Protein chains: 2
Amino acid sequence: MRNQSIFAGLSLEELRSLGMEVQDISCLQGEVLYRVGDDARYAYTLRSGAVKLVKSLENGQEVIIRLLHRGDLLGFEGMQEAQHRHAAIALAPSELCRLDLAELQRLSERLPKVQEAIRQRWQQALQSSEDHIMELGAKRAEARLATFLLQWVEHYPQLRSLPFPLSRPDLAAFLGLSTEHVSRIMADFKRHAFIQEQRGHLEILAPQSLAGMAGKLPEHKPD
Amino acid sequence: MRNQSIFAGLSLEELRSLGMEVQDISCLQGEVLYRVGDDARYAYTLRSGAVKLVKSLENGQEVIIRLLHRGDLLGFEGMQEAQHRHAAIALAPSELCRLDLAELQRLSERLPKVQEAIRQRWQQALQSSEDHIMELGAKRAEARLATFLLQWVEHYPQLRSLPFPLSRPDLAAFLGLSTEHVSRIMADFKRHAFIQEQRGHLEILAPQSLAGMAGKLPEHKPD
DNA sequence: AGTCAAAATTGATTTTTCTCAATGCGCCTT
DNA sequence: AAGGCGCATTGAGAAAAATCAATTTTGACT
């Protein structure tokens, strides 16, 4: 466990021996890692738990830009910009490694491998954002939610019952819907026995049915 | 003109002298630079014109993921992945510089400056994608369109009448709306004399009114 | 100028989604 | 156990947006 690769194929010890300040951090559900506009001193790797990246519109409405899972990086926009552009909030109790951005900058200039790894992650983030754009731009509510649930599963392989720390408002803020609408669709999925939910845990009973909804054409004759 | 900085602060000649193969490319409206799944051999910098990056859903529905303007880069996902994940299509007659990806890879390993510049651009793309997510996730059709038009202006400073090579279906595919709905809103904007349109050109008559619709309550700047 | 096809507009209608309001449930505290 | 609080659910009505079906406009090509 201790010797797990943290970042760019380097273990925690290797990073430390290269002069990198790495802090183990653990945080509670709801804890704020940083806020919009905070000076970006640190970047993080998420070792366990889940984190949401949130931005607010002028009118105060919150949008979840990205959801992070074990192994994901956050706060790396600080390598280019002085301030964070999202808020990062733990959805569940989480463990992270905190890296000093200035040192990371230095390290990345010396080690091409690190550069490469960062670019790789940036690429992943962009990919996932673009996928999200497609969801929001082209799919209806049911399909968005179905896709989302199926993707959530993939982050918890070989688990029957998945940790599911998202509230209805969280889901709504991520999928671009109202809380009520999300609630209705989830109730629908339960009624059809596609899913089952209890105390922050989710079970996908009929993945193929969800997959059907996820790819469904907007025009579909009612039966 | 010839000595303009192409990329990472390097002029075309400098890049060539470093052994980089740089091709000037010009293409017509509607021309396809690459398709989804094409082997990624080249990346491009857009020198003039406009390009759309398009992805299709299983059902064939097309979504415009990003719009590119003078100075933007495209095709750089090929540095990490073997195939392009979008189609790139010229919206207007455009001029580009085509860079060989393998050589770019080599160059970026030698020159940290290039690395840095690429990361910067990646960051910009991510930023713009995230902004787009906010638009799609949180705003109504009118507001999206208003925001979009105001952003379009910014790419053509000090021009009264802006090139506007987007069809209604293009706008719809970018803003996540139906063609008809876009058409209605545009008609509305014209009726209110917020904008004026003729033959692929657009004039913003009342930016502050559009800004109002876009959802910007507190601050407005005199221009 | 005249014809044609593509693109845009408009209208009527339906579907989807939101909003507002009420209610219910689970969990925590006392 | 009772009360209270936050979150989730449900319902009804309103609003937003999509869909379907004509037209109308535009632009390109004779």
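Quantities reported herein were computed from a predicted structural model and do not represent experimental measurements. A note on names: the letters A, B, ... follow the listed sequences, proteins ahead of strands, and every chain is numbered from 1.
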Using whole Å, report how far CG of A:Asn59 lies from C1' of C:dT19. 15 Å

Please pick, from C:dA21, C:dC18, D:dA18, the nucleotide with the shortest atom-to-atom distance to any side-chain atom of A:Glu180. C:dA21

With heavy atoms under 4.0 Å as the rule, sort B:Gly200 into base, sugar-phosphate or nothing. nothing

Would you indicate whether the side-chain heavy atoms of A:Gln151 and A:Leu67 approach each other to under 4.5 Å? no

Any heavy-atom pair between the side chains of A:Phe76 and B:Leu126 that's under 4.5 Å? no

Provide, to the nearest angstrom, the distance between the CD atom belonging to A:Gln29 and the P atom belonging to D:dC7. 10 Å

Let me spell it out: for each of B:Thr179 and A:Gly176, pick the nucleotide of DNA chain C with the closest heavy atom. Which residue's pick is nearer the 5' end? B:Thr179

Charged N to carboxylate O below 4.0 Å: is that the case for B:Glu197 and B:Arg168? yes

Within the 6.0 Å centroid threshold, strictly below: B:Phe164 and B:Trp152: yes

How close or far is atom C1' of D:dA17 from atom CG of B:Leu175, stated in whole angstroms? 13 Å

Where do A:Gly75 and A:Tyr34 come nearest, in terms of heavy atoms and distance? N-OH, 3.2 Å

Residue pair A:Arg199/A:Leu177 against DNA chain C: nearer the 5' end by closest nucleotide is A:Leu177

Which atom of A:Leu96 lies closest to which atom of A:Cys27, heavy atoms considered: CD1-SG, 3.8 Å

When you measure from the side chain of A:Arg140, which nucleotide among C:dT16, D:dA17, C:dC18 comes out closest? C:dT16

Heavy atom of residues 162-171 of chain A under 4.0 Å from DNA chain D: which residues? A:Ser167, A:Arg168, A:Pro169

CZ of A:Arg35: more than 12 outside heavy atoms within 6.0 angstrom? no

Quick check on contacts: within residues 183-195 of chain B, what sits under 4.0 Å from DNA chain C by heavy-atom distance? B:Ser183, B:Arg184, B:Ala187, B:Lys190, B:Arg191

In whole angstrom, what separates B:Lys139's NZ from D:dA17's P? 13 Å

The reported gap from OG in A:Ser128 to CZ in A:Arg66 (rounded to nearest 0.5 angstrom) is 5.5 Å

Whole Å only: how far is the CZ atom of B:Arg144 from the P atom of D:dA16? 13 Å

Check the side chains of A:Ser129 and B:Glu130 for a donor-acceptor pair under 3.5 angstrom, ignoring hydrogens and angles. no

